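The model shown is predicted, which means the values in this text are computed figures rather than measured ones.
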Amino acid sequence: DVTNACPRACSNCTRMSAHARAPFFMTLDEFAQAVVSIRDFLTESEPDRFRRPKLIGVIGGEPLVHPEFAALCGVIAREIPDRRCRGLWTGLHLDNHPHRDLVRTTFGYLNQNLHNTECVHQPVLVAVEDVIQNERRMWELIDACELQRQWSSAITPKGFFFCEVAAAMDMVFEGPGGIPVTPGCWRHDLADYRDQIERWCPRCGVCLPLPGRCDHERADDISRSNLEALRKLDSPRVRKGDYVVFDPRPYQEQQNRVGWHPLRYLRGKRP
């Protein structure tokens, strides 16, 4: 996760970029250390349950706004020789971009969401602990979270995290950081992530059946506890009033499950 800087201000962004008081940019040394620490994941981890090919992804924010993007490409190309195992997540057009050719020669996998069709985002900042009063049921929802089943772990300048949204929350809410980024850090037992899970999962809304919000609305759905914390941190988006306070009182889980696909961003697409 090389930066949280982004030219967009999408609703319910999983990086919560609009709440950051200042962007971060991973240094070249941090990036090299991150790539080296996880490169053997490609060959030594268990097969993917969906039989997907494995790769190391460069994500953000918007990676292409990183001031040393070209140097980052040099690092990942050096440390991961197989181009097919290098991925880039971007929301920018590449046709006339100065890094167009570099992107095409460096990355074998390109995930490009141009946000030019209706795109919806699951409310990340509606804390499940604010909505589900039964603690046992709350943890059942967390354990069944589609994010941890289908998406990825992440490395930020603050460490290695079991979940990329947990990594973003740690950055936004000024958490204690993740597991040290050292060779084989991805091999840790689940118990080693217990602190991250107990800190961030109850504050996240990805596991909670809720309707998404269109990205162009530029507003976040936020529940009480997260809103209070963001106010204390002087969140720019909260300061501007670009949010909707979530009222948990009328919430009905089963009713919200109808047609719910938390990881479906583009409307009309199959999950």
ILVMFWY cluster, [X] and [Y] together (side-chain gap under 4.5 Å):
X: Ile80; Y: Trp89; result: no
X: Leu114; Y: Val120; result: no
X: Ile59; Y: Ile76; result: no
X: Leu102; Y: Leu72; result: yes
X: Phe161; Y: Val165; result: no

Would you say the side chain of [Y] lies within less than 4.5 Å of the side chain of [X], judging by non-hydrogen atoms?
X: Leu110; Y: Leu94; value: yes
X: Glu198; Y: Trp139; value: yes
X: Tyr243; Y: Leu125; value: no
X: Met169; Y: Arg199; value: no
X: Trp200; Y: Asp170; value: yes
X: Val172; Y: Leu230; value: yes
X: Cys214; Y: Glu118; value: yes
X: Leu190; Y: Ile197; value: yes

Look up atom [atom1] in [X] and atom [atom2] in [Y], then write down how far apart they are to the nearest 0.5 Å.
X: Glu68; Y: Phe31; atom1: CD; atom2: CZ; answer: 11.5 Å
X: Cys204; Y: Gln148; atom1: SG; atom2: CD; answer: 10.5 Å
X: Arg15; Y: Cys10; atom1: CZ; atom2: SG; answer: 12.5 Å
X: Ser223; Y: Glu228; atom1: OG; atom2: CD; answer: 9.5 Å
X: Leu64; Y: His97; atom1: CG; atom2: NE2; answer: 4.5 Å
X: Gln33; Y: Leu28; atom1: CD; atom2: CG; answer: 13.0 Å

Angle class for the [X]/[Y] ring planes (parallel below 30°, perpendicular above 60°, tilted otherwise)?
X: Phe41; Y: Trp186; answer: perpendicular
X: Phe69; Y: His99; answer: tilted
X: Tyr193; Y: Phe162; answer: tilted

Donor-acceptor contact present, side-chain [X] to main-chain [Y], <3.5 Å:
X: Arg237; Y: Met16; value: no
X: Asp189; Y: Asp192; value: no
X: Trp260; Y: Leu210; value: yes
X: Arg231; Y: Val238; value: no
X: Gln112; Y: Leu92; value: yes
X: Asp247; Y: Arg249; value: yes
X: Ser11; Y: Arg218; value: yes
X: Arg83; Y: Phe107; value: yes
X: His93; Y: Asp95; value: no
X: Lys158; Y: Gly175; value: yes

Has [X] got more than 12 heavy atoms of other residues, nucleotides or ligands less than 6.0 Å from its [atom1]?
X: Arg136; atom1: CZ; value: no
X: Arg84; atom1: CZ; value: no
X: Lys54; atom1: NZ; value: yes
X: Glu135; atom1: CD; value: no

Where [X] and [Y] come nearest, the two heavy atoms and their spacing:
X: Glu62; Y: Pro7; value: CB-CD, 3.8 Å
X: Val75; Y: Ala32; value: CG1-CA, 3.7 Å
X: Leu141; Y: Arg257; value: CD2-NH2, 3.3 Å
X: Gln196; Y: Phe160; value: NE2-O, 3.2 Å
X: Ile38; Y: Ile155; value: CG2-CD1, 3.9 Å
X: Met171; Y: Pro157; value: CE-CD, 4.0 Å

message = I'd like to know whether Asp130 forms a side-chain hydrogen bond (donor to acceptor under 3.5 Å, both in side chains) with Ser225, so could you lay out the CA-CA distance, the side-chain angles of the two residues, the decisive distance to 0.1 Å, and finally the verdict.
response = CA-CA 7 Å; Asp130 288 345; Ser225 65; 2.7 Å; yes
query = Charged N to carboxylate O below 4.0 Å: is that the case for Arg8 and Asp215?
reply =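 Salt bridge: no.
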Taking atom types as modelled, find out whether [X] and [Y] have a side-chain donor-acceptor pair closer than 3.5 angstrom.
X: Glu146; Y: Trp151; answer: no
X: Ser152; Y: Glu164; answer: yes
X: His19; Y: Asp220; answer: yes
X: Thr156; Y: Asp1; answer: no

task = Test side chain to side chain contact (heavy atoms under 4.5 Å, CB included) on Tyr109 and Leu88 and set out the steps.
result = CA-CA 6 Å; Tyr109 178 86; Leu88 176 70; over 6 Å; no
message = side chain to side chain contact (heavy atoms under 4.5 Å, CB included), that's the test. Do Leu227 and Val245 meet it? Break it down for me.
response = CA-CA 8 Å; Leu227 182 59; Val245 180; 3.8 Å; yes
task = Let me see the working for Arg86 and Leu55 under side chain to side chain contact (heavy atoms under 4.5 Å, CB included), right down to the final yes or no.
result = CA-CA 5 Å; Arg86 306 191 298 251; Leu55 53 84; over 6 Å; no
message = Assess the residue pair Tyr251 and Ile132 against the criterion (side chain to side chain contact (heavy atoms under 4.5 Å, CB included)); give the C-alpha distance rounded to whole Å, side-chain angles, the decisive distance to 0.1 Å, and a yes or no.
response = CA-CA 9 Å; Tyr251 180 76; Ile132 304 299; 3.9 Å; yes
task = Output, in order, the C-alpha distance, side-chain angles, deciding distance and verdict of salt bridge (Lys or Arg N to Asp or Glu O under 4.0 Å) for Asp234 and Arg21.
result = CA-CA 8 Å; Asp234 194 28; Arg21 288 176 293 176; 5.6 Å; no
ask   = Under the 6.0 Å and 45° cation-pi test, does Arg203 pair with Phe173?
value =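 Flagged: Arg203 positioned over aromatic ring of Phe173.
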